[in-house]
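What follows is a single structure, written as structure tokens, with notes after it.
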Number of protein chains: 2
Amino acid sequence: MARIPAPERRDALVEAALRVVSRRGIAQATTRAIVAEAGMSLASFHYAFDSRDELIDELITTVVAREQHAVIPEPVPGGDLREILEAGLLRYFEHLRGDPEHEQAMLELTHYALRSPERHPLAVAQYARYAELAAHSLEIAASHAGTTWDRPMEQVARVLVAFTDGLTITWLVDRDDDAARAVAHAAADALSRMAEPR
Amino acid sequence: MARIPAPERRDALVEAALRVVSRRGIAQATTRAIVAEAGMSLASFHYAFDSRDELIDELITTVVAREQHAVIPEPVPGGDLREILEAGLLRYFEHLRGDPEHEQAMLELTHYALRSPERHPLAVAQYARYAELAAHSLEIAASHAGTTWDRPMEQVARVLVAFTDGLTITWLVDRDDDAARAVAHAAADALSRMAEPR
DNA sequence: GTGCGACTGGGACGACCGTCCCACTTCGGT
DNA sequence: ACCGAAGTGGGACGGTCGTCCCAGTCGCAC
């Protein structure tokens with residue numbers, strides 16, 4: 001096997017772990033499965049990481065830091081706030097449809113982190129990151145629509161995160177595209193009513 | 001040990017399994033942990049069930065059939081539709097706050113079912129049940145408010161389920177009561193705009 | 001009361017888990 | 001050229017998992 005410095009091997013293992021979690025779930029993401037996915041031997045795993053827990057923690061941290069599927073990157077030309085928000089939510093939905101396993105993996109990682117006190121902060125950080133991305137999108141949306149949020153943006157962002165999450169889980173279960181679009185429509189409606197014309 | 005007929009033992013094991021899953025997560029719901037919770041010996045498990053998978057399947061089926069935390073059981077006297085819906089969502093939120101582990105367990109069971117093709121229908125049935133309960137609540141709400149839904153109720157119910165789920169996960173992560181109430185408010189707002197005066 | 005089917009308990013099985021050990025190979029600095 | 005550090009591979013460890021076996025015990029129909 002090619003000789004790879006430990007730091008690079010850590011990265012490769014994290015990527016392999018993400019693929020395994022996405023494809024088979026976190027319960028199946030054993031050291032052996034991850035190592036096989038990365039094409040390494042078992043010893044290389046514990047040369048790069050002290051433990052599986054350490055890898056999972058780094059996986060969550062990495063994937064959260066990388067998260068960028070901003071809900072509203074490009075505004076609808078000439079649209080009002082509600083239309084811009086809905087377009088953003090639909091854009092997220094298309095992202096979800098394109099890679100359902102990734103969002104499923106993110107959700108599983110959240111629940112995994114939620115189960116142990118020392119990992120709970122990772123889940124909190126994950127959703128704080130979501131809220132940050134949501135706030136950024138909302139800022140752009142309001143600016144393009146010429147409106148101002150009628151309460152602290154963090155609160156609006158939290159609502160958007162909740163709506164997005166609800167859309168995700170329900171669609172992952174029933175794969176009902178029309179229903180998901182209805183959720184996006186309703187969510188955009190509710191959010192747009194949290195703003196006032198500037 | 002007391003002699004218990006197999007059918008009753010099945011029930012007791014399902015109840016014990018639910019407690020274990022709620023308290024420690026489905027990954028920790030091993031045959032030994034469940035049997036210890038139920039105060040039985042390991043052999044009794046496989047006398048009542050062919051396999052752990054069979055128990056988990058029955059656990060999901062049972063707990064879904066029992067699910068009843070209707071979102072809007074009692075209408076607000078004199079309130080309009082939006083207020084009734086918000087009161088119902090807040091009622092659900094109080095239920096969630098009272099037993100967070102149960103909702104966390106339900107979510108974990110969903111993700112567990114989602115991971116194997118033969119169990120996927122269980123998750124679909126779970127969310128179909130949620131939608132059924134939601135539809136029932138919406139029916140009551142609309143009737144008390146003197147309004148009619150402007151689209152098939154199943155669609156409105158699906159949106160309510162998504163909103164409820166989003167509220168649940170985000171609150172389970174950050175335990176932010178005010179944020180959850182804001183989600184309830186926004187969700188009620190969006191839903192109420194899917195109805196017209198009768 | 002006796003027999004037979006229902007139920008119980010303890011112990012064992014093979015498989016798989018995370019982790020570790022150690023002899024070996026390769027590489028970069030001198 | 002060499003030497004220590006860095007990286008590699010295979011195999012083994014103890015532990016836990018789901019499952020199974022079997023000798024034993026209970027309760028009920030006759």
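Please read these numbers as outputs of a predicted model, since none were measured by experiment. Protein chains get the first letters and strands the later ones, always in sequence-line order, with residue 1 at the start of each.
- The interatomic distance linking B:Asp50 (CG) with D:dC21 (P) rounds to 12 Å, in whole Å.
- In this structure, A:Ala29 and B:Ala43 both approach DNA chain C, and ranking their closest nucleotides by distance from the 5' end singles out B:Ala43.
- Here the side chain of B:Arg52 is nearest to one of C:dC20, C:dG9, D:dT19, namely D:dT19.
- Atom CZ in B:Phe45 sits about 12 Å away from atom C1' in D:dC17, given to the nearest Å.
- In this structure, NE2 of B:His46 is placed 12 Å from P of D:dC17, rounded to the nearest angstrom.
- Protein atom CZ of A:Phe49 is 15 Å distant from nucleotide atom P of C:dC20, rounded to whole Å.
- One can place CZ of A:Arg32 at 13 Å from P of D:dA12, the figure rounded to the nearest angstrom.
- The nucleotide whose nearest atom lies closest to any side-chain atom of B:Tyr47 is, among C:dC7, C:dA12, D:dA12, C:dC7.
- C:dC27 atom P lies 14 Å from atom CD of A:Glu8, rounded to whole Å.
- Taking 4.0 angstrom as the limit, A:Thr30 places a side-chain polar atom (N or O) nearer than this to OP1 or OP2 of C:dC17.
- In this structure, B:Ser137 contributes its side chain and B:Leu133 its backbone to a donor-acceptor pair below 3.5 Å.
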- prompt: Does the salt bridge (charged side-chain N to carboxylate O under 4.0 Å, His left out) test come out yes or no for B:Arg10 and B:Glu58, once each step is laid out?
  reply: CA-CA 9 Å; B:Arg10 283 177 73 99; B:Glu58 183 155 321; 2.5 Å; yes
message: Working note: A:Leu59 + A:Leu13, criterion side chain to side chain contact (heavy atoms under 4.5 Å, CB included); need CA distance, chi angles, decisive distance, verdict.
response: CA-CA 9 Å; A:Leu59 169 60; A:Leu13 281 167; over 6 Å; no
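- Taking atom CE on B:Met40 and atom C1' on C:dC7, their separation rounds to 12 Å, with Å as the unit.
- Of the residues listed (A:Arg119, A:Glu118, A:Gln126), the one engaging A:Leu122 in a side chain to side chain contact (heavy atoms under 4.5 Å, CB included) is A:Arg119, and it is the only one.
- When the C1' atom of C:dT19 is taken as reference, atom CD1 of A:Ile56 falls 15 Å away, rounded to whole Å.
- Considering only side-chain N and O atoms, B:Arg3 lies nowhere under 4.0 angstrom from the phosphate OP1 or OP2 of D:dC26.
- In terms of modelled atom types and a separation under 3.5 Å, the side chain of A:Trp171 and the main chain of A:Arg97 share no donor-acceptor contact.
- Distances shown here put a side-chain N or O of A:Thr31 below 4.0 Å from the OP1 or OP2 atom of C:dG18.
- Residue A:Leu42 is classed as a base contact, given a heavy-atom separation below 4.0 Å to a base.
- Looking at the side chain of A:Pro5, the nearest of the listed nucleotides D:dG7, D:dT19, C:dG9 is D:dG7.
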